[in-house]
Engineer: 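Take this structure first; my questions come after.
Since the model is a prediction, treat every value here as computed from it, not as a measurement.
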Protein chains: 2
Amino acid sequence: MEARVAGQSTSRQATAEQANRRRVTLTRESILEAALRLCSPEGGGQLTFSRLGKELGADPTAVYRHFRDKDELVLALTDLVIQEGIELARQTLPDGPSDDWRAFLAVTARSVRTSHLARPALAVLAAARTTASPAETHSVEQLISVLHRAGLPVVEAAECYRALLDMTLAMTQYTAAFSILDRQAQEQDEAAWAVKYGMLPEDEFPLLHRSAPRLTELFRDDDTVFALVLDTFLDGVAVRIERARKA
Amino acid sequence: MEARVAGQSTSRQATAEQANRRRVTLTRESILEAALRLCSPEGGGQLTFSRLGKELGADPTAVYRHFRDKDELVLALTDLVIQEGIELARQTLPDGPSDDWRAFLAVTARSVRTSHLARPALAVLAAARTTASPAETHSVEQLISVLHRAGLPVVEAAECYRALLDMTLAMTQYTAAFSILDRQAQEQDEAAWAVKYGMLPEDEFPLLHRSAPRLTELFRDDDTVFALVLDTFLDGVAVRIERARKA
DNA sequence: AGGCGCTGTCAATGGCATTGACAGGCACGT
DNA sequence: ACGTGCCTGTCAATGCCATTGACAGCGCCT
């Protein structure tokens, strides 16, 4: 019995062995779920096929039966995250179509950011891709509608939407990329900055010297910086709305 | 003669062989130069040790004698690009300290963006790192000074600088990441969008339907979108300056 | 009962960063 | 002149990664 050809002996004994390592049945959904888990900071914060295989209790390459390549997987995941972001915004916003354009835009942007930051690893991977998810279409229509009702011409409202969303995604991904870094690199950066701001000769850089404390606070406090950018951007939108009303 | 121990036979024949593959002498500068070349779209747009080795005519691992790891190399490269950006801004701006804060900010942001976009591969790699390059200190002081003279309190001016720069870097890196993608992925994305915007039922999404042409134009025309964001942001800064003056 | 396709497994490939052992050469001191 | 030792390039090997092709079980349809 032991004399069987070693490589092929997967018929008898295998049945017993496979009692443990049962051939798991994967579905598109179970894979996406596991992948999402891996992308969160608690899940290790890295999405690779081997980790995914382990998480699923299956061979890493089994995933290829459901997604042509990693890119397709990432695209599908991004779609989920976008839906989640929209959902989050919906919950935060009042039901009826509000006329407070500023709140609407701010909540939308922050929701998108929040849902992406829950999976930094995915945010980094998804960086460049756009999904054109049907889920968001309705939200976009609403967003443009709010701006239009506020006084902006339709096309300008659309431009505003595009600008807001791209800015938000870009800054979010920027934050995500940093949060993925290992402690060492993060601390290295921080140390470099501290030194830089600490050693500014007051006579040569008077203003920088005075703002050093604040800038140090702001160092990689990306959420605050994002809030700053968003606020300023929205002030700019207000100006545009004013201009449009007068014209 | 042929009976020599194969692995060790590098003494005689090697002298002849090495006439071709002369032991190249690397310097920090020659490496940085070559790496920068590789990062540009013409240079292949990908920075790896093996490509770098080939570019230098040396063994890939020779680079480790000059940079501890890839991260350190990227940091050094980023420094160069930042300097280049500052230089570019200096050339574009009038010499004396101008009082046109808006032009100053716009030119600075665009210069940073331009110099980074000349090496998309590097922009992507550098994503998360900050260099605290001494080269930029003077520029920052000037930037804050311009805003301060315009009427902003020092700390708020510093916040503004931080916001503007982070926004610019984030959006630039976002663009760079897309430009790195292979044609297939880019076209795939574009097709998805075209379909999406082409098939919008007018009765359900009236506004989106009307703005579809503009949104299609804007699709991944990242430079225009950046211009939009920057403009709106600067409008917002103007508001803040007004507010500060009145107070 | 037979066949076919769906899906998991396994082994292999090629690219990547990184490491440790080795070796040539140059500068220094004697 | 002659060693000694560091600086720096080379080579082979490691380990992680995505991806592929050959194989095999299982269920469904006929």
Side-chain angles (χ1 to χ4, degrees), chain A residues 4-31 34-35 38 44-75 121 124-125 180-182 184-185, chain B residues 5-31 34-35 38 44-75 121 124-125 180 182 184-185:
Chain A
R4 294 181 74 96
V5 180
Q8 306 276 8
S9 66
T10 20
S11 46
R12 281 300 133 84
Q13 294 189 342
T15 325
E17 273 183 23
Q18 285 184 352
N20 312 351
R21 311 183 186 180
R22 257 261 168 276
R23 195 182 160 104
V24 191
T25 309
L26 303 180
T27 64
R28 202 183 152 83
E29 283 68 38
S30 69
I31 294 175
L38 284 184
Q46 267 213 348
L47 181 63
T48 75
F49 278 88
S50 63
R51 288 165 105 94
L52 188 49
K54 223 173 287 170
E55 182 79 14
L56 290 162
D59 190 280
T61 61
V63 177
Y64 283 95
R65 297 287 175 209
H66 301 267
F67 299 91
R68 194 156 33 81
D69 54 15
K70 192 172 181 178
D71 216 59
E72 202 180 295
L73 175 60
V74 167
L75 247 34
V124 172
L125 253 15
I180 291 291
L181 256 52
D182 45 22
Q184 201 199 330
Chain B
V5 180
Q8 306 278 9
S9 66
T10 21
S11 46
R12 282 300 134 82
Q13 294 189 343
T15 324
E17 272 183 23
Q18 284 183 352
N20 311 350
R21 311 184 186 179
R22 257 257 168 278
R23 192 182 161 104
V24 192
T25 308
L26 304 179
T27 65
R28 203 182 151 83
E29 284 67 38
S30 69
I31 294 175
L38 286 183
Q46 266 213 347
L47 182 63
T48 76
F49 279 89
S50 63
R51 288 165 105 96
L52 188 49
K54 222 173 287 170
E55 182 79 15
L56 290 163
D59 190 280
T61 61
V63 178
Y64 282 95
R65 296 289 174 206
H66 301 266
F67 298 91
R68 193 156 33 81
D69 53 16
K70 192 173 181 176
D71 217 60
E72 202 179 294
L73 175 60
V74 168
L75 246 36
V124 172
L125 253 15
I180 290 292
D182 46 20
Q184 200 198 331

Engineer: Could you check whether the side chain of B:Thr61 and the base of D:dC11 have a donor-acceptor pair of N or O atoms closer than 3.5 Å, going by distance alone?
Structural biologist: yes

Engineer: Which pair of heavy atoms, one from A:Leu56 and one from A:Ala34, lies closest together, and at what distance?
Structural biologist: CD2-CB, 3.7 Å

Engineer: Roughly, in whole Å, what's the span from CZ in B:Phe49 to P in D:dT14?
Structural biologist: 20 Å

Engineer: Compare every heavy atom of B:Lys70 with every heavy atom of B:Thr48, then report the nearest pair and how far apart it is.
Structural biologist: CA-NZ, 4.4 Å

Engineer: What integer distance in Å separates B:Arg28:CZ from D:dC7:P?
Structural biologist: 16 Å

Engineer: Give the C-alpha distance, both sets of side-chain angles, the deciding distance and a yes or no for side chain to side chain contact (heavy atoms under 4.5 Å, CB included) between B:Leu38 and B:Glu55.
Structural biologist: CA-CA 8 Å; B:Leu38 286 183; B:Glu55 182 79 15; 3.8 Å; yes

Engineer: Taking only side-chain N and O atoms of B:His66, does any of them lie within less than 4.0 angstrom of OP1 or OP2 on D:dC7?
Structural biologist: no

Engineer: If you assign A:Tyr64 and B:Ala58 each to the DNA chain D nucleotide with the nearest heavy atom, which residue ends up on the more 5' nucleotide?
Structural biologist: B:Ala58

Engineer: Find the distance B:Asp59:CG to C:dA17:C1' and express it as a whole number of Å.
Structural biologist: 13 Å

Engineer: Given side chains that start at C-beta, do those of B:Thr61 and B:Phe49 come closer than 4.5 Å, heavy atoms only?
Structural biologist: no

Engineer: To the nearest angstrom, how far is A:Leu52 atom CG from D:dA18 atom P?
Structural biologist: 10 Å

Engineer: Identify which nucleotide among D:dG9, C:dT9, D:dC17 has an atom closest to any side-chain atom of A:Ser50, counting heavy atoms from C-beta outward.
Structural biologist: D:dC17

Engineer: Rounding to an integer number of Å, can you tell me how far B:Glu29 CD sits from D:dT8 C1'?
Structural biologist: 16 Å

Engineer: Figure out the CG/P separation between A:Leu125 and D:dC17, and round it to whole Å.
Structural biologist: 12 Å

Engineer: Select from A:Gln46 and A:Arg65 the residue whose nearest nucleotide in DNA chain D is closer to the 5' end of that strand.
Structural biologist: A:Gln46

Engineer: Please report the distance, rounded to the nearest Å, between CD in A:Glu72 and P in D:dA18.
Structural biologist: 15 Å

Engineer: Where is the tightest heavy-atom contact between A:Glu72 and A:His66, given as atom of each residue plus distance?
Structural biologist: OE2-O, 4.3 Å

Engineer: Reckon B:Leu56 touches a base, only the sugar-phosphate, or nothing at all at heavy-atom distances under 4.0 Å?
Structural biologist: nothing

Engineer: Measure NZ/A:Lys54 against P/D:dA18 and give the value in whole Å, please.
Structural biologist: 12 Å

